[in-house]
Amino acid sequence: DMQVRYRGSVLGWAWSYVKPAAQFLVYFIAMGVFLGLNRSLPNYPVYLFSGLVVMNYFNEAFMNATRSVIDNTALVKKIYLPRELFPVSSVIIAFVNFFPQLVVLMAASLMVGYHPSFAQVGFILLSILIITVLALGLGLIFGAINVGLRDAQNIVELIMMFSTWLSPVLYNAALVDRVAPHWVVVLYNLNPLTGAVGLMHLGAWAPTTAQDAATMSLIGPHILIYGLIAIGTSLIVLLLGELVFRRMEKNFAQDL
């Protein structure tokens, strides 16, 4: 899959850097410069990029897993093997593409005084775990549905379009607390992506700041609680995804 992805490409592996760099530049100009977030958030470029790399990983893993079965139609029809291997391998490929972005994030953080504790490094790993489990679980569900109903792929694209805006990637969580009703804030924080992005900010961005009460409030006062809820929710989604996939896979060869 990795060879096919970059076959005939001039830049090849460099696209793993070019695409997120272009995306970062667009959002930084729009949100950081035009809307002034670069002045109100310390080290806003690190804040923005740490959220973007998490969301890019989720979107790619989710879409890859959704398409994984139909993209391997020939193997599904001719060879018997655990069909879950297709979504799993697709998520692994997304992680391989995510890793260079994580390296760039760490390098940028070091340039502005990154000094994390062991706990903060653990928050980064927990954020990655939440995204991996959640994307795989959703990918199993939508990948199985997509075999017989190709509209599932379009639904995934809609989810991806809204996911960046429904989690604190481009803005800080404190803004939601100020403008939204309490019940909306609760639902917003129960979104596993909100917990994953918050944990990444806590591990990759917070150590570049003074880490005082005002700065930490930008992430959210209860991010650790919502982070634990996020991993629990992601595990439930993974279990549900496996059940749906197992139930529907017996018709894959016929539907394809």
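Positions are given from 1 along the sequence. This one's a predicted model, so the numbers in the text were calculated from it and none came from an experiment.
By the 4.5 Å heavy-atom criterion applied to side chains, Q153 and M63 are counted as neighbours.
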Open item on the list: Working note: N146 + V69, criterion side-chain contact (heavy atoms from CB on, under 4.5 Å); need CA distance, chi angles, decisive distance, verdict.
Closed with: CA-CA 8 Å; N146 195 45; V69 177; over 6 Å; no
TODO: Apply the test side-chain contact (heavy atoms from CB on, under 4.5 Å) to residues M160 and V156: give CA-CA distance (whole Å), side-chain angles for both, the deciding distance (0.1 Å), then the verdict.
DONE: CA-CA 6 Å; M160 291 168 53; V156 170; 3.8 Å; yes
Task: Verdict with reasoning, L138 to F58, per side-chain contact (heavy atoms from CB on, under 4.5 Å) - done: CA-CA 10 Å; L138 291 174; F58 170 76; 3.9 Å; yes
Open item on the list: Between N189 and I225, does the side-chain contact (heavy atoms from CB on, under 4.5 Å) criterion hold? Intermediate values first, please.
Closed with: CA-CA 10 Å; N189 285 312; I225 296 175; over 6 Å; no
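The CG atom of N64 sits 8.0 Å away from atom CG of N97, with the distance rounded to the nearest 0.5 Å. Atom CG of L235 is separated from atom CD1 of I130 by 9.0 Å, given to the nearest 0.5 angstrom.
Using bins of under 30°, 30° to 60° and over 60° for the plane-to-plane angle, the ring pair H201/W205 lands in the perpendicular bin. Using cut-offs of 30° and 60° for the angle between ring planes, the Y57 and F98 rings count as parallel.
In terms of heavy atoms, Y171 sits closest to S167 at OH-O, 3.3 Å. The two residues V147 and R150 make their nearest non-hydrogen contact at O-NE, 3.4 Å.
Within the structure, side chain to side chain donor-acceptor pair (under 3.5 Å) contacts touching residues 38-47 (residues at least two apart or in different chains) are N43-T208.
Listed by chain and number, the residues in a salt bridge (charged side-chain N to carboxylate O under 4.0 Å, His left out) with E157 amount to none (sequence neighbours excluded).
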